[in-house]
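Here's the structure we're looking at; comments come further down.
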Amino acid sequence: MKREHVIDGEHPARRAARASMSAVTAGHKEEWLRLFAPDALIEDPVGPSFLDPDGRGHRGRAGIEAFWDGFISTIASFDFAVADSFANGPCCANVATITTTTDDGATMTIDCVLVYTVDEDGLITSLRAHWEPDRALATLTSAR
């Protein structure tokens, strides 16, 4: 069952999640960076991967900007489909599918759980993306 309304609630972490997905989809780097607290941590995916071999994540403005430059900016388009969302306390966990497309038309589908935590000002203090790189890479389609 598809629920278009699942991320419409006015929970602070849900608002931050919507703003983050919107900025990524639009390719608005500075807008996206402004959503994060100065010492925020991104783990995408959580644990060691080809995006983060040490599995320590990307911390602070410099680390988060490097994550954008090294990964997000290399993707021509992102499509976020949120199937469900659970918000409580300072967190929101979104069950989502992200489809990425490169400039040459190759696509990859990432089934994931995205956990956003915000501070009292609504800034993201952590973004933990739970997904399996091997599973996502198995969906990789060829370029045109």
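We use all heavy atoms of the structure for the numbers below, so side chains are in, but hydrogens, waters and symmetry mates are not.
- Under the 4.5 Å side-chain heavy-atom criterion for Ile, Leu, Val, Met, Phe, Trp and Tyr, L114 and W131 are members of the same hydrophobic cluster.
- Of the possible polar contacts, none joining the R14 side chain to the N94 backbone as a donor-acceptor pair under 3.5 Å is found.
- Taken together through direct or relayed side-chain contacts under 4.5 Å among Ile, Leu, Val, Met, Phe, Trp and Tyr, L51 and L33 form part of one hydrophobic cluster.
- When the side chains of ILVMFWY residues are joined at heavy-atom separations under 4.5 Å, either directly or via intervening members, V24 and Y116 end up in a single hydrophobic cluster.
- Cluster membership check: V113 does not share its hydrophobic cluster with V118, using side-chain heavy-atom separations under 4.5 Å among Ile, Leu, Val, Met, Phe, Trp and Tyr.
- Cluster membership for I72 and I75, using ILVMFWY side-chain heavy atoms within less than 4.5 angstrom, is shared.
- A donor-acceptor pair is defined here as one N or O able to donate and one able to accept, closer than 3.5 Å; such a pair exists between the side chain of R15 and the backbone of E10.
- Side-chain contact between I98 and M21: absent, with no pair of heavy atoms (C-beta onward) separated by less than 4.5 Å.
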Subject >> Audit row: F80, T97, side-chain contact (heavy atoms from CB on, under 4.5 Å) steps and yes/no >> reply: CA-CA 6 Å; F80 291 87; T97 298; over 6 Å; no
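- Put simply, the side chain of P12 does not reach to within 4.5 Å of the side chain of P90, judged on heavy atoms.
- Within a 6.0 Å sphere centred on CG of D54, other residues, nucleotides and ligands contribute more than 12 heavy atoms.
- Although no hydrogens or angles enter the test, the distance criterion places a donor-acceptor pair under 3.5 Å between the side chain of H11 and the main chain of G89.
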**OP:** Go through the steps for H28 and E30 under the test side-chain contact (heavy atoms from CB on, under 4.5 Å), then give the verdict.
**Re:** CA-CA 6 Å; H28 294 160; E30 290 303 318; over 6 Å; no
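- Using the six-membered ring where Trp is involved, F67 and F71 have ring planes that are tilted, between 30° and 60° apart.
- In this structure, E43 does not pair ionically with R56, as no charged nitrogen and carboxylate oxygen lie closer than 4.0 Å.
- Panel note: side chain T125, backbone D119; no donor-acceptor pair is recorded below 3.5 Å.
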Original post:
Would R128 and D44 satisfy salt bridge (Lys or Arg N to Asp or Glu O under 4.0 Å), going step by step from the backbone distance to the final call?
Top reply: CA-CA 6 Å; R128 301 186 82 221; D44 187 353; over 6 Å; no
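- Side chains of M108 and T99 form no contact here, defined as non-hydrogen atoms less than 4.5 Å apart.
- Proximity of a side-chain donor or acceptor of R59 to a complementary backbone N or O of D39 within less than 3.5 Å is detected.
- H58 places none of its side-chain heavy atoms less than 4.5 Å from the side chain of E65.
- Between W68 and W32, the ring planes are tilted. Angles from 30° to 60° get that label.
- A heavy-atom distance below 4.5 Å is found between the side chains of S49 and P133.
- When atom types are taken as modelled, the side chain of T102 and the backbone of A106 share a donor-acceptor pair closer than 3.5 angstrom.
- Rounding to the nearest 0.5 Å gives a distance of 6.0 Å between CG of L127 and OG of S20.
- The side-chain hydrogen bond (donor to acceptor under 3.5 Å, both in side chains) with T141 is formed by just one residue from the set T109, T107, T101; it is T107.
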